[in-house]
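Contents: one structure, followed by commentary.
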Amino acid sequence: ASVKLCPAVAGQIIADTIVKPPSTDGPSYALYRKEKMGILDSLAERARLVSKCLNEIDGISCNPVQGAMYAFPQIKIPPKAIAAANKEGLAPDALYCKELLESKGICTVPGSGFKQKPGTFHFRMTILPPFEQLETIVVGIGDFQKEFTAKYA
């Protein structure tokens, strides 16, 4: 029974290397630092791209992404879309996310699942795809926002 309470030795060694980086005077520290900073810089660049581009889309506003892998933009949803969502038994931002997925293949999560402030609508999206894919995704969201707003005007 005690064997099942602890991970195998290999698992313990791997976990140790993940949570305990090499010492600053160790032979692998320079490479570790370079790789770590490359990852963090890439995440920061993607966070800036997503926030900037989403804020350029009419009807969407996004706070700067800070310390997370997600953006949580606020979206303006037309009254006719709210009525259509209610008719389908969906939260308005769930309708938005559903139609975004169906129309553009972009998967987001409705903000209504995160106890957002009543009367506001959001979606959550990740910033983890490669930079070039994120550019395409944000352009797709912008195109969809125009189409969605026109459809429910």
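All residue numbers refer to positions in the sequence shown, counting from 1.
Looking at residues two or more places apart in sequence or on another chain, you find no salt bridge (charged side-chain N to carboxylate O under 4.0 Å, His left out) involving K80. In terms of the salt bridge (charged side-chain N to carboxylate O under 4.0 Å, His left out) criterion, residue partners of K151 (sequence neighbours excluded) are, by chain and number, E99.
Counting heavy atoms from C-beta outward, C62 and Q74 have side chains that stay 4.5 Å or more apart. Between T136 and E132, the closest side-chain pair of non-hydrogen atoms is not below 4.5 Å. Within the 4.5 Å cutoff, the side chain of I82 has no heavy atoms near those of the Y152 side chain. A 4.5 Å side-chain heavy-atom check between Y29 and T24 finds at least one atom pair inside the cut-off. Proximity of M125 to L54: side-chain heavy atoms (C-beta onward) are separated by under 4.5 Å at one or more points. Counting only heavy atoms from C-beta outward, the side chains of V50 and L134 approach each other to under 4.5 Å. In this structure the side chain of L43 reaches within 4.5 angstrom of the side chain of L128, judged on heavy atoms. Side-chain contact check for E45 versus F131: some heavy-atom pair is nearer than 4.5 Å.
Cluster membership check: F121 does not share its hydrophobic cluster with V109, using side-chain heavy-atom separations under 4.5 Å among Ile, Leu, Val, Met, Phe, Trp and Tyr. Cluster membership for V65 and I106, using ILVMFWY side-chain heavy atoms within less than 4.5 angstrom, is shared.
Contact record, I77 with A81: CG2-CB, 3.5 Å, taken as the closest heavy-atom pair. In terms of heavy-atom proximity, A68 sits nearest to I127 at O-CD1, 3.8 Å. What you find for I137 and P129 is that their closest heavy atoms are CD1-CG, 4.1 Å.
The backbone N or O of K117 sits less than 3.5 Å from a side-chain atom of T120, completing a donor-acceptor pair. Judged by distance alone, the side chain of N55 and the main-chain N or O of S51 form a donor-acceptor pair under 3.5 Å. Side-chain N or O atoms of T108 include none that pairs as donor or acceptor with a backbone N or O of C97 at under 3.5 Å.
A salt bridge does not link E135 to R46: none of the charged side-chain nitrogens sits closer than 4.0 Å to a carboxylate oxygen.
Side-chain contact annotation: Q116 with D93, donor-acceptor N/O pair under 3.5 Å present. Side-chain atoms of Q145 and Y96 include a donor-acceptor pair closer than 3.5 Å.
Here F72 and F123 keep their ring centres 6.0 angstrom or further from each other.
Cation-pi contact between R124 and Y70: present, with separation from the ring centre below 6.0 Å and deviation from the ring axis of at most 45°.
Once rounded to the nearest 0.5 Å, the distance linking CD of E88 with CG of L95 reads 5.5 Å.
Within a 6.0 Å sphere centred on CG of D41, heavy atoms belonging to other residues, nucleotides or ligands number more than 12.
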Residue pair I75, H122: steps toward the side chain to side chain contact (heavy atoms under 4.5 Å, CB included) verdict: CA-CA 5 Å; I75 49 178; H122 301 78; 5.6 Å; no

Evaluate L90 against K98 for side chain to side chain contact (heavy atoms under 4.5 Å, CB included), listing each step before the verdict. CA-CA 10 Å; L90 296 172; K98 176 180 156 249; 4.1 Å; yes

